[in-house]
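Shown next, in structure tokens, is the structure this report addresses.
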Amino acid sequence: VEFAAAVGSGKGVLGDTKSLNTESTGTTYNMRDITKPMYSTGGKIETYTAKNGTTLPGTLLTSNDNTWNDPAAVDAHYYAGVVYDYYYNKLGRNSFDNAGGTMKQTVHYSTKYNNAFWNGTQMVYGDGDGTTFIAFSGGLDVVGHEISHGVTERTANLTYSYQSGALNESWSDVMGNLIENKPDDLWLVGEDIYTPNTPGDALRSMSNPTAYGDPDNMANYVNTSSDNGGVHTNSGIPNKAFYNFVTTPGVTRDNAGKVWYRALTQYMTASSQFSDARQATIQAATDLFGANSTEVTAVTNAWNNVGVG
Ligand SMILES: CCC(=O)Oc1c(C)cccc1C(=O)O
Ligand SMILES: [Ca+2]
Ligand SMILES: [Zn+2]
């Protein structure tokens with residue numbers, strides 16, 4: 001039987017209704033998006049549920065009427081499509097592996113699980129405990145962050161500890177920010193899924209890392225062994241460098257993304273340190289816009305401002 005692309009709908013984690021790309025089998029519907037360019041080589045976006053267990057990928061979500069009542073799954077599916085589109089349309093990357101690999105995500109992983117992660121082949125989202133976090137797929141910057149861990153793993157493969165780990169984290173925050181592109185709280189990370197009872201807070205701030213206790217200058221680099229050498233804290237320094245760069249007059253968000261992506265995929269390696277990231281972004285900006293471009297001047301000043309010379 002020929003399966004066909006269909007459009008269903010469902011409410012997301014924050015109660016908003018979204019249209020979903022699904023697959024009709026003729027009698028039922030699968031949460032499977034077969035509309036992306038990667039489908040020409042068999043690539044799809046598929047969403048599964050772990051039913052609060054830890055077996056992956058779990059069970060592919062189905063519906064008998066193409067109306068979907070699992071908010072975490074609705075957002076995971078829809079936002080994965082948004083992330084695919086950004087990488088394909090803005091950066092020319094065809095899925096996380098640049099080979100049209102099927103993007104799989106599993107929601108309802110474990111119980112009250114306050115985390116989301118890329119496990120090397122797929123995305124995994126916890127539901128949160130309902131107080132510190134709600135379902136992790138409910139934040140587009142979070143979904144972009146997590147899938148970008150997959151991109152990083154397949155490219156520079158930045159070792160997830162100390163400075164290279166902080167770069168790994170920062171590049172995920174940057175891509176999540178570019179993909180979410182939310183004007184009202186542009187620079188907050190994870191605001192949609194963090195502490196539902198405390199409006200206006202977030203996991204991190206890229207414009208003002210110190211507001212959340214994270215450094216925004218090399219002079220305040222946190223020397224610690226916890227959290228793999230402070231990867232979620234010291235990311236404030238490259239995050240602030242990106243903020244400086246992208247907010248420089250004449251630098252567009254799209255062009256800033258092109259510079260950061262080219263640096264990651266062409267110049268950075270597993271052991272890259274902050275100074276190597278500075279050099280990689282300067283070289284990428286030079287490649288793309290010329291040695292005397294606004295972008296080269298801006299990115300150089302951006303790193304100088306955070307004390308990375
Ligand atoms: C922006 C998403 C994020 O940082 O998620 C994590 C959380 C909440 C805990 C531990 C690790 C991560 C991660 O994805 O790095
Ligand atoms: Ca955000
Ligand atoms: Zn991360």
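In each ligand, atom 1 is the first atom listed, and ligand 1 is the first ligand listed. Throughout, numbering of the chain's residues begins at 1 and tracks the sequence. Nothing here was measured: the structure is a model prediction, and the numbers come from that model.
For the ring-ring contact (aromatic ring centres under 6.0 Å, His included) test with H149, the passing option among F117, Y160, W118, F96 is Y160; the others fail.
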Take H232 and R204, measure what side chain to side chain contact (heavy atoms under 4.5 Å, CB included) needs, and give me the verdict at the end. CA-CA 9 Å; H232 292 95; R204 297 181 282 282; 3.7 Å; yes
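Shown in contact with Y160 at under 4.0 Å from a heavy atom are these atoms of ligand 1, numbered in order with element: 15 (O). In summary, the atoms of ligand 1 found under 4.0 Å from a heavy atom of H149, numbered by their order in the structure, are 14 (O), 15 (O). Numbered from 1 in the order shown, with element, the atoms of ligand 1 that lie under 4.0 Å from a heavy atom of E146 read 2 (C), 3 (C), 5 (O), 13 (C), 14 (O). Proximity to F136 (heavy-atom distance under 4.0 Å) selects the following atoms of ligand 1: 8 (C). Interface of H232 with ligand 1, defined as ligand atoms under 4.0 Å from a residue heavy atom, comprises 11 (C), 12 (C), 13 (C), 15 (O). Close contacts of ligand 1 with F133, meaning ligand atoms under 4.0 Å from a residue heavy atom, involve 8 (C). Close approach of ligand 1 to E169 is summarised as follows: ligand atoms under 4.0 Å from at least one heavy atom of the residue are 13 (C), 15 (O). Residue contact check: V189 has heavy atoms under 4.0 Å from atoms 1 (C) of ligand 1.
With hydrogens and angles ignored, the 3.5 Å screen pairs no side-chain donor or acceptor of T49 with any backbone N or O of H108. N89 places a side-chain N or O within donor-acceptor distance of the main-chain N or O of D85, the cut-off being under 3.5 Å. With hydrogens and angles disregarded, no donor-acceptor distance shorter than 3.5 Å links the side chain of T106 to the backbone of V124.
Not a single N or O atom of N115, backbone or side chain, sits closer than 3.5 Å to an N or O atom of ligand 1. The shortest N or O to N or O distance between D173 and ligand 1 is not under 3.5 Å. For ligand 1, the polar-atom distance check against R204 finds a nitrogen or oxygen pair separated by under 3.5 Å.
Using bins of under 30°, 30° to 60° and over 60° for the plane-to-plane angle, the ring pair W260/W171 lands in the parallel bin.
Minimum heavy-atom separation, P196 to I134: CG-CG2, 3.6 Å. Between D33 and K36, the closest heavy-atom pair is OD2-CE, 3.4 Å.
Taking the six-membered ring for Trp and the full ring otherwise, Y125 and Y109 have centroids separated by 6.0 Å or more.
Coordination check, L188 versus the Ca ion (ligand 2): passed, since an N/O/S atom of the residue sits under 3.0 Å. The Ca ion (ligand 2) has an N, O or S atom of E191 under 3.0 Å away, backbone or side chain.
The N, O or S atom of E169 with the smallest distance to the Zn ion (ligand 3) is OE2.
The same ILVMFWY cluster, assembled from side-chain heavy atoms under 4.5 Å apart, contains both Y84 and L140.
One finds an angle of 100° at the Zn ion (ligand 3) between NE2 on H145 and NE2 on H149, to the nearest 10 degrees. The OE1 atom of E180 and the OD2 atom of D141 meet at the Ca ion (ligand 2) at an angle of about 90°, given to 10°.
Contact of the I147 side chain with the V83 side chain is registered, since non-hydrogen atoms from C-beta on lie closer than 4.5 Å.
By the 4.0 Å heavy-atom criterion, Y194 is excluded from the residues contacting ligand 1.
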